[in-house]
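Let me begin by presenting the structure, written as structure tokens, before commenting on it.
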Amino acid sequence: MGYDLRLIALHRRSGLRSLAEAAATFIHDFAQRHGWQGLNLALPGFMLAYTAMAALLCFGFGRGADFRPALYLPAFSSSYLLGYAIIFVVVGVRHWSGRSARPFLFFARVWTPREFLHRLIAAAPFLIAWPFFMAGFTAMKNLLNEVVPFTWDSTFVEIGRALHFGQHAWQWLDIENPALTRVLESTYAFWGVLLVAVPFAVALCRADSAARSRFLISCILVFILLGNVAAGAFMSAGPFWFEFSGAKQNDYAGLFAYLTQVDSNGDFSAISFQRYLWQAYVQGATQLGTGISAFPSVHVAVATLYALYAWPLGRLPRLAAALYLIAIMVGAVHLGWHYALDCYAGLLGAVLIYGAVGAMQRWHARMATAKPAAVQSAPA
């Protein structure tokens, strides 16, 4: 009887071992097939680690309420579903009509349904981590507002005046056209839509694409290095700080008098969103998009990444991205969000980060090709 029980236990252990090996093989093959390896897993892992660090800092400073991990989940999830639906319809219609291999807009071809599913699975790690990362970033911005005072605004005002020959950049622009102001407001607000849409689209590219990895890594580094590190070191609120804080000397009074006149009813506008940010700052509340820091401009930095990524893709993407970058820079100054220096720093910072990531990729590629050559030339 005892022998039979031992035999049964042995068979059970053997069966469990075989099941575990089969599961491990399946997971390994699935990961290999869909690109869930290397950087495609390391980058989302880094993003989630950053989010965890943001949580620890918030609780460590007694600001646990600043950390809201699900803050962006509803907005991002609904945007993802809309993106999936649009691409599914395009892919399905092109496939059923036998035109998947033909050019579509500025794409050389359209995926088949099988390819689309493969790309979705490959993009899943990044797309899942993206809203949690943004929640961590917002928590960090709000925490910085609690522990670091706005001390650089006056300095940036004077530097900007010196750079523009005694005038402010908004005076150089001299925009007093309500219709143009509304266009710039809409373009600037559209940045939030593109912040979901563009990384979503890039993540759907081939998992082993160097351009994909370069853009996504650069995007994460822009938020951390420029939006947290540099922002904390040079904490400033931007021109609207003079308007809402009741500063005695307000060189932007004329600009905000015009913007208030354009937004006399308090409709959707730069002024209305600035009020929203200021109220959240005063109340110490963490909400969608809250946290104030002007230098360097992350809006400009991210728009610069779009232009850098789009540049090799052809004339139409290049032109669209360049025009959008110009509109964001003009809007940032004209709408009272940023000093011109913020925009220049955001652009330069994004170029340096994108260039550094590209240089690291080229170095890694040279090292990867050098190792097999060294092995082959080694004496037997």
Side-chain angles (χ1 to χ4, degrees), residues 150 152-194 226 231 234 236-278 289 292-304 306-307 318-351:
F150 297 123
W152 283 85
D153 286 272
S154 297
T155 302
F156 290 150
V157 168
E158 294 306 317
I159 293 175
R161 195 203 311 270
L163 287 175
H164 297 92
F165 308 102
Q167 284 190 307
H168 297 294
W170 70 268
Q171 294 171 321
W172 277 95
L173 291 174
D174 194 26
I175 297 174
E176 292 189 359
N177 184 318
L180 178 56
T181 298
R182 285 300 194 184
V183 169
L184 289 172
E185 285 175 334
S186 299
T187 304
Y188 205 82
F190 194 62
W191 184 90
V193 176
L194 292 181
L226 302 187
F234 303 96
S236 59
F240 78 93
W241 179 81
F242 292 94
E243 185 70 14
F244 289 98
S245 66
K248 292 182 179 179
Q249 182 178 349
N250 183 3
D251 292 353
Y252 295 85
L255 173 62
F256 281 95
Y258 164 74
L259 293 173
T260 303
Q261 180 183 359
V262 173
D263 183 44
S264 58
N265 296 323
D267 296 331
F268 176 78
S269 65
I271 288 287
S272 63
F273 192 65
Q274 286 162 1
R275 292 194 191 103
Y276 162 78
L277 284 185
W278 189 256
I292 298 174
S293 62
F295 181 92
S297 171
V298 172
H299 276 72
V300 170
V302 172
T304 302
Y306 296 161
R318 186 185 308 158
L319 179 62
L323 289 176
Y324 184 73
L325 172 59
I326 293 171
I328 288 294
M329 293 188 71
V330 171
V333 172
H334 170 62
L335 300 174
W337 285 112
H338 288 283
Y339 311 113
L341 191 64
D342 303 338
C343 299
Y344 304 151
L347 188 149
L348 178 60
V351 169

Sequence-distant partners of D251, salt bridge (charged side-chain N to carboxylate O under 4.0 Å, His left out), two or more places apart: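 In terms of salt bridge (charged side-chain N to carboxylate O under 4.0 Å, His left out), with neighbours along the sequence ignored, D251 is linked to R161.
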Distance-only criterion, 3.5 Å: show the donor-acceptor pairs between side-chain atoms of residues 342-349 and protein atoms not counting sequence neighbours.
{"residue": "D342", "atom": "OD2", "partner": "H338", "partner atom": "ND1", "Å": "3.3"}
{"residue": "D342", "atom": "OD2", "partner": "Y339", "partner atom": "N", "Å": "2.9"}
{"residue": "Y344", "atom": "OH", "partner": "H164", "partner atom": "NE2", "Å": "2.8"}

By ring-ring contact (aromatic ring centres under 6.0 Å, His included) - contacts of Y276 (at least two apart):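 Here the qualifying residues are F273.
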Who pairs with Y306 by ring-ring contact (aromatic ring centres under 6.0 Å, His included), at least two apart in sequence or on another chain?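 None.
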Partners of [X] by side chain to side chain contact (heavy atoms under 4.5 Å, CB included), sequence neighbours excluded?
X: L319; answer: L323
X: T155; answer: W152, I159
X: Q171; answer: Q167, H168
X: A321; answer: A307, A310

Looking at residues at least two apart in the chain, or sitting in another chain, which of them share a side chain to side chain donor-acceptor pair (under 3.5 Å) with [X]?
X: T187; answer: none
X: N177; answer: none
X: Y258; answer: T181
X: Q261; answer: none

Could you label the plane-to-plane angle of the F165 and W172 rings as parallel, tilted or perpendicular, counting under 30° as parallel and over 60° as perpendicular?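 Correct class here is perpendicular.
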